[in-house]
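Every chain is numbered from 1, with letters handed out A, B, ... down the list of sequences.
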Amino acid sequence: MFNLMRLIHRSFSSSPTNYVLQTILPISQLCSNGRLQEALLEMAMLGPEMGFHGYDALLNACLDKRALRDGQRVHAHMIKTRYLPATYLRTRLLIFYGKCDCLEDARKVLDEMPEKNVVSWTAMISRYSQTGHSSEALTVFAEMMRSDGKPNEFTFATVLTSCIRASGLGLGKQIHGLIVKWNYDSHIFVGSSLLDMYAKAGQIKEAREIFECLPERDVVSCTAIIAGYAQLGLDEEALEMFHRLHSEGMSPNYVTYASLLTALSGLALLDHGKQAHCHVLRRELPFYAVLQNSLIDMYSKCGNLSYARRLFDNMPERTAISWNAMLVGYSKHGHGRMEDTGLNIFDGMVAGEYGTKPGTEHYGCIVDMLGRAGRIDEAFEFIKRMPSKPTAGVLGSLLGACRVHLSVDIGESVGRRLIEIEPENAGNYVILSNLYASAGRWADVNNVRAMMMQKAVTKEPGRSWIQHEQTLHYFHANDRTHPRREEVLAKMKEISIKMKQAGYVPDLSCVLYDVDEEQKEKMLLGHSEKLALTFGLIATGEGIPIRVFKNLRICVDCHNFAKIFSKVFEREVSLRDKNRFHQIVDGICSCGDYW
DNA sequence: CTAGGGTTAG
């Protein structure tokens with residue numbers, strides 16, 4: 001380098017163009033030595049002779065430091081000296097503004113470019129998409145297509161991520177068509193973006209197919225398919241793909257672990273979750289908030305609140321998600337009981353104490369809270385006072401509360417309304433018919449069933465499982481598939497007698513069929529969570545806690561059964577259902593029977 | 001010069 005400089009010096013020292021040596025070379029040297037301010041002083045002394053190299057060096061230095069002010073001075077200098085930058089330099093300017101989060105300025109640079117190329121278009125699209133401005137990203141993409149710009153693999157990889165967020169799968173499919181037409185579909189970046197799009201749209205089969213057709217796979221594409229499954233609650237499939245990633249010789253990174261943990265929390269596999277945690281620590285993967293948040297969630301959903309709390313306390317920086325995960329943990333474990341505090345906070349919001357007025361989601365929280373506490377009338381009044389139309393989520397949580405607290409009238413009105421809004425959601429029909437059943441209104445039960453059949457809505461079948469020696473043992477209601485079902489049934493007969501002696505009274509309102517009482521009792525004993533509990537008693541040694549999981553919400557009768565079970569057999573029982581954790585010790589549940 | 005996958009929430 002030094003020799004080269006001397007060479008340049010010798011050949012140009014007497015030439016009129018030796019400005020390169022005297023001015024621009026020092027500027028780029030100052031820039032690369034991090035002495036940006038001095039370089040800017042040099043610039044101030046010069047006119048248009050700054051030229052391409054001078055501006056390029058300065059802009060690069062400003063970009064490195066994200067020095068917005070300084071970059072603006074460079075830009076101003078170009079304008080003042082009437083320098084007309086070429087496409088490359090304009091693109092650098094665009095990227096600079098984009099990375100400094102000045103999207104409007106970046107956009108202006110793009111608009112004023114006499115000739116745009118793929119890079120300038122793509123840089124703009126990518127900045128919009130990375131800052132969450134999905135529809136703007138799509139607008140720029142559309143403009144690019146209209147003005148005959150030809151997208152490349154970079155453009156496709158980036159634009160697809162905005163499709164699902166801003167416009168739905170329709171546009172995504174059209175772009176998919178272009179990708180196939182121009183042969184970018186086997187490109188690994190484009191492919192992982194594509195499969196991610198289909199997965200996020202719920203079309204996991206398509207996503208899997210794209211994944212399988214990729215000529216090569218890497219951590220990112222594997223993580224995309226794992227995350228896709230995990231986000232849809234297809235936890236076993238997610239685990240399967242995680243194993244595949246391993247067996248194909250790749251190493252998971254922190255994003256992979258975050259998604260893996262989602263799947264593990266879904267199945268409540270605490271031991272595997274701990275293992276994943278160990279791997280993360282041993283491999284010294286970056287401990288970003290994303291990863292910590294998913295660990296907090298995993299521990300809390302797997303029943304280990306104190307670990308979750310320890311992680312939370314040790315976080316150097318918490319995001320909103322960390323707080324949510326922790327709060328959800330407490331509330332699912334029944335440590336909530338904070339209706340009055342909640343109402344206070346809400347009133348404070350209305351009074352403007354927190355700088356934000358309550359929005360739909362806050363009204364939703366209050367409705368949920370009141371509903372769980374059995375204050376159904378108040379919750380219903382609250383919904384009427386909401387500033388906007390109540391969402392299906394809010395109505396759904398109130399309907400659930402009506403079921404638990406047997407408020408038939410309000411439940412009926414909420415349920416009917418909900419079915420109008422969400423006719424495809426099987427849960428709505430099921431809860432409404434449960435409610436009718438508990439009131440003995442069998443004609444209405446049949447009516448709702450008929451509506452369900454007519455609209456061909458199907459409900460996810462209820463099942464419970466228990467982990468034993470690295471295997472998950474699944475049970476359906478009246479299970480006929482488990483290899484040890486005979487043993488379980490025999491044991492069930494035996495324990496039901498002991499249970500009754502200890503005060504278990506079957507809650508017949510939990511049966512959804514109009515049959516005689518003896519039949520009802522039999523049906524109750526066939527519930528999947530009871531079968532899993534019984535299996536746990538057989539399979540594990542004395543005094544070992546039994547942990548059962550259910551994919552839907554646990555029924556009132558099974559909850560009661562489990563409480564007495566824990567007392568009679570001196571076992572700690574933990575029951576995790578779709579929404580909540582029930583930690584039962586000596587007949588007392590952590591939820592305080594507050595669902 | 002420009003690119004893909006991520007945690008919570010009835």
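- For A/L399, the side chain to side chain contact (heavy atoms under 4.5 Å, CB included) test picks out A/V414, A/L418, A/I431, with sequence neighbours left out.
- Pairs engaging residues 238-267 of chain A under the salt bridge (Lys or Arg N to Asp or Glu O under 4.0 Å) rule: A/E212-A/R244, A/R217-A/E248, A/R244-A/E248 [sequence neighbours left out].
- Partners of A/F189 by side chain to side chain contact (heavy atoms under 4.5 Å, CB included), not counting sequence neighbours, listed by chain and number: A/A157, A/H187.
- For A/K65, the side chain to side chain contact (heavy atoms under 4.5 Å, CB included) partners two or more places apart in sequence, or in a different chain, are A/L36, A/A67.
- Note on A/L194: nothing from the nucleic acid sits closer than 4.0 angstrom, heavy atoms only.
- The shortest non-hydrogen separation linking A/G228 to A/I204 is C-CD1, 3.8 Å.
- Counting non-hydrogen atoms under 4.0 angstrom, A/G400 reaches nothing in the nucleic acid.
- In this structure, A/K200 reaches the sugar-phosphate backbone alone: every heavy-atom distance under 4.0 Å involves primed, P, OP1 or OP2 atoms, never a base.
- The only member of A/L285, A/V219, A/L261 that meets side chain to side chain contact (heavy atoms under 4.5 Å, CB included) when paired with A/T256 is A/V219.
- Side-chain N/O atoms of A/Y307 and A/H277 include no donor and acceptor closer than 3.5 Å.
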Legend entry - Nucleotide pairing, DNA chain B (Watson-Crick or G-U, distances under 3.5 Å), in dot-bracket with [ ] and |: ..........
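- Protein chain A contacts DNA chain B from B/dC1 to B/dG10, reading 5' to 3' and using non-hydrogen atoms of the protein with a distance under 4.0 Å.
- Contact between A/I383 and A/V394 at its shortest, heavy atoms only, is CD1-CG1, 3.8 Å.
- The pair A/E420-A/K389 does not count as a salt bridge, with every side-chain nitrogen at least 4.0 angstrom from each carboxylate oxygen.
- DNA chain B lies under 4.0 Å from at least one heavy atom of each of the following residues of residues 125-141 of chain A: A/S126, A/Q130.
- In this view, A/H272 satisfies the ring-ring contact (aromatic ring centres under 6.0 Å, His included) rule with no residue, not counting sequence neighbours.
- At a threshold of 4.0 angstrom between heavy atoms, the contacts of A/A320 with the nucleic acid are absent.
- Less than 4.0 Å separates DNA chain B from at least one heavy atom of each of the following residues of residues 248-262 of chain A: A/N253, A/Y254, A/V255, A/T256, A/S259, A/T262.
- Residue pairs meeting the ring-ring contact (aromatic ring centres under 6.0 Å, His included) criterion with at least one member in residues 203-240 of chain A: none, sequence neighbours excluded.
- Counting any heavy atom pair closer than 4.0 Å across all strands shown, A/N60 reaches no nucleic acid atom.
- Judged as a side chain to side chain contact (heavy atoms under 4.5 Å, CB included), and not counting sequence neighbours, the contacts of A/S126 are A/Q130, A/T158.
- Listed by first and then second residue, the salt bridge (Lys or Arg N to Asp or Glu O under 4.0 Å) pairs that reach into residues 88-104 of chain A are A/D101-A/R127, sequence neighbours excluded.
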